[in-house]
Novice: 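Following this message is one structure expressed as structure tokens.
Naming convention: chains lettered A, B, ... in sequence-line order (proteins, then strands); numbering from 1 in each chain. Quantities reported herein were computed from a predicted structural model and do not represent experimental measurements.
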2 protein chains.
Amino acid sequence: MADKSEGEKALSIRDVARIAGVSRQTVSRVLKRQPNVKASTEAHVRQVIEELGWRPNSAARALATSKSKTIGLLVSSRSQYGPLSAAGAVDDAARQRGDTISSATLAQGDDESISAALDAFSAQGVDGVVVIAPQQRAHEALRRVAVGVPFVSLQWRAGPNERVVAFDQGAGARAATRHLIELGHSRILHIAGPQDWNEAEERMRGFLAEMSAADVPTEAPVLGDWTVDLAYELGMKLLGHREFTAVFAELGLRAIDILLADIEGTPPPEPAVVKVPELIVRASTAPPPVR
Amino acid sequence: MADKSEGEKALSIRDVARIAGVSRQTVSRVLKRQPNVKASTEAHVRQVIEELGWRPNSAARALATSKSKTIGLLVSSRSQYGPLSAAGAVDDAARQRGDTISSATLAQGDDESISAALDAFSAQGVDGVVVIAPQQRAHEALRRVAVGVPFVSLQWRAGPNERVVAFDQGAGARAATRHLIELGHSRILHIAGPQDWNEAEERMRGFLAEMSAADVPTEAPVLGDWTVDLAYELGMKLLGHREFTAVFAELGLRAIDILLADIEGTPPPEPAVVKVPELIVRASTAPPPVR
DNA sequence: TTGTACGCGTTATCAA
DNA sequence: TTGATAACGCGTACAA
């Protein structure tokens, strides 16, 4: 059952036309839902298509129309959840439109790899490319490579003549920080993400900008790497200090809770978690009394 | 710079042939590295190709050869790290071979979705399909759907006439469990993964089999879901009990350490972590004295 | 409303 | 060693 693809050389639109007793053109019209087809003819053709289980060959169609109905998907990172998740979403959306996704997951973001992948896409005649390369150098490489196809970047910031789709991470970070400040916190620790990643960088900027705007004395953010390992280490390390009353952190969802539970010595009954897109802010509703 | 794809209607093998002063066929021969081409001719053609930056149109090639050099990649789950990571690896491997990957990430593993995706692959004339559907029902659906192309499953167990590539999760789990038993542990807790997932199921079976073989009294495993949330909850819940001396768990890498640190009240200086493919076993080198 | 004929870019067959 | 010519399966003016 795993293969029935013996002989039976795949049938074409001719076969359908012959069996249905019409011309190829009529079959083509039915396929494209063009108006000038008699209802009965259309119904009949559809039935034959259904019975034969025929599907138009997309290579031939691409060749004839010089449109591939294919979108190239370039993903730079293979280990991070964010990019992979976004890739899945793009994939899904494309299929719902009847498009197909040709994907290239790059282990390294060097110029050659990117160029090669883009080249392959070009040979396939993709209608466009979606780039998910939130890392600094991957995107720089992308700029260097001459691109022959239109493309849009996810999770990036727009340069001149570039099209991007992204959250405003800076604004989100500012909102989160403001929230903490308005709660009365003045000693806020920011655990940032890897600064090679655009989103992390923008969040840190937002944090610093808001702290500065509110005239709150700011300590240097801790540079994190989004791993649970680090959450653990920080939790342990920060157990001793307690030089802050709130944390604005980039960590896994629950990791921050674990960290804070460690720090506070007791799990918060109902953690006050504020969700901004891709951001988590957690704090007691008010800072503890100064000792 | 984001698009230079104006007019300039992509050049074809004819252009190359004309400019190089040879026939299309010769260009084609050079491309396929066929033997019967004079060295000087080949060099010249290659140079022209290089200068023009020409790449053969893959749709036309697919049409002429009825081989697409394309592999369909069917991924069932969108949220788990394992499947997505494996997908990236497949992608990478394909591109290194000069093949392209057409991917379909399914949000749900119902029959219709799988069937539709497989249908699309078939229309593209993929040379084969790689299935990454470690979940029970997704694979059942796959069996139900009539498949016209050869396919191989990752992370699954082989049924009759099926081809799979997978770790022997059961053996790994048995080895891990044996390790704990040999260290002298007799009260071992297994935190299992979601039993809808084949790998989790096989690991649990391995654990139970080994415990049974060693005649160690066994408590019912705790059913987990691979989330950090659960690691946290379990850590809190298990704080009171302590009815075991070792844990064999399916959790994120460091999550298990956090959990155990919570339980033990103190971080282990040098955690004894044993890595089996996709398994983590952690234990003190010997069980603590019975109180 | 339906059919005919040609082109899309490449490979394959056969002849030169 | 090279070159004409016919497929490959479909879309699309154009004709009927």
Novice: Can you sort out the partners of Arg97(B) under side chain to side chain donor-acceptor pair (under 3.5 Å), two or more places apart, ordered by chain and number?
Specialist: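 Counting only residues at least two positions away or on another chain, Arg97(B) forms a side chain to side chain donor-acceptor pair (under 3.5 Å) with Asp99(B).
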Novice: Write out all pairs satisfying side-chain hydrogen bond (donor to acceptor under 3.5 Å, both in side chains) with one or both partners inside residues 51-63 of chain B, taking only residues at least two apart or from two chains.
Specialist: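 Residue pairs with at least one partner in residues 51-63 of chain B: Gln47(B)-Glu51(B).
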Novice: What does nucleotides 3-10 of chain C look like as a protein-contact string, B for base, S for sugar-phosphate only, - for none, at under 4.0 angstrom between heavy atoms?
Specialist: BB--BBBB
Novice: Thr41(A): what forms a side chain to side chain donor-acceptor pair (under 3.5 Å) with it, not counting sequence neighbours?
Specialist: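 Expected list: none.
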Novice: Quick one: list whatever passes side chain to side chain donor-acceptor pair (under 3.5 Å) with Asn198(A), sequence neighbours left out.
Specialist: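 Checked Asn198(A) against side chain to side chain donor-acceptor pair (under 3.5 Å); matches are Arg157(A).
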Novice: Give the angle between the helix axes at the two ends of the helix from dT1(C)-dA16(D) to dA16(C)-dT1(D), taking five base pairs at each end and rounding to 10°.
Specialist: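 So the angle between the two local helix axes works out to 40°.
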Novice: His44(A) NE2 to dT1(C) P: how many Å, rounded?
Specialist: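 To the nearest whole Å, that distance equals 18 Å.
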Novice: Between Arg18(B) (CZ) and dA4(D) (P), how many Å, whole number?
Specialist: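 The answer, rounded to whole Å, is 15 Å.
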Novice: Can a side chain N or O of Thr41(A) be found less than 4.0 Å away from OP1 or OP2 on dT1(C)?
Specialist: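 No, outside the criterion.
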Novice: Do any side-chain nitrogens or oxygens of Lys32(A) fall under 4.0 Å of OP1 or OP2 in dC10(D)?
Specialist: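 Indeed not, no polar side-chain atom of Lys32(A) lies that close.
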Novice: Do Trp197(A) and Pro83(A) have side chains that approach each other closer than 4.5 Å (heavy atoms only, starting at C-beta)?
Specialist: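 The answer is yes; the side chains approach within 4.5 Å.
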Novice: Taking only residues two or more places apart in sequence, or in another chain, which ones meet Glu42(B) in a side chain to side chain donor-acceptor pair (under 3.5 Å)?
Specialist: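 Testing Glu42(B) for side chain to side chain donor-acceptor pair (under 3.5 Å), a comparison that skips the adjacent residues, returns Arg46(B).
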Novice: Sequence neighbours left out, cut at 3.5 Å: what donor-acceptor pairs do the side chains of residues 16-24 of chain B make with other protein atoms?
Specialist:
| from | atom 1 | to | atom 2 | distance (Å) |
| --- | --- | --- | --- | --- |
| Arg18(B) | NH2 | Asp15(B) | OD1 | 3.0 |
| Ser23(B) | OG | Gln25(B) | N | 3.4 |
| Ser23(B) | OG | Thr26(B) | N | 3.4 |
| Ser23(B) | OG | Thr26(B) | OG1 | 3.3 |

Novice: Check side chain to side chain contact (heavy atoms under 4.5 Å, CB included) between Ile101(A) and all other residues, then give those that pass, not counting sequence neighbours.
Specialist: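 Here the qualifying residues are Ile71(A), Leu73(A), Val90(A), Asp91(A), Ala94(A), Ser103(A), Ser103(B).
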Novice: Below the 4.0 Å mark, does dT11(C) have OP1 or OP2 next to a side-chain nitrogen or oxygen of Lys67(B)?
Specialist: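 For dT11(C), neither OP1 nor OP2 has a side-chain N or O of Lys67(B) closer than 4.0 Å.
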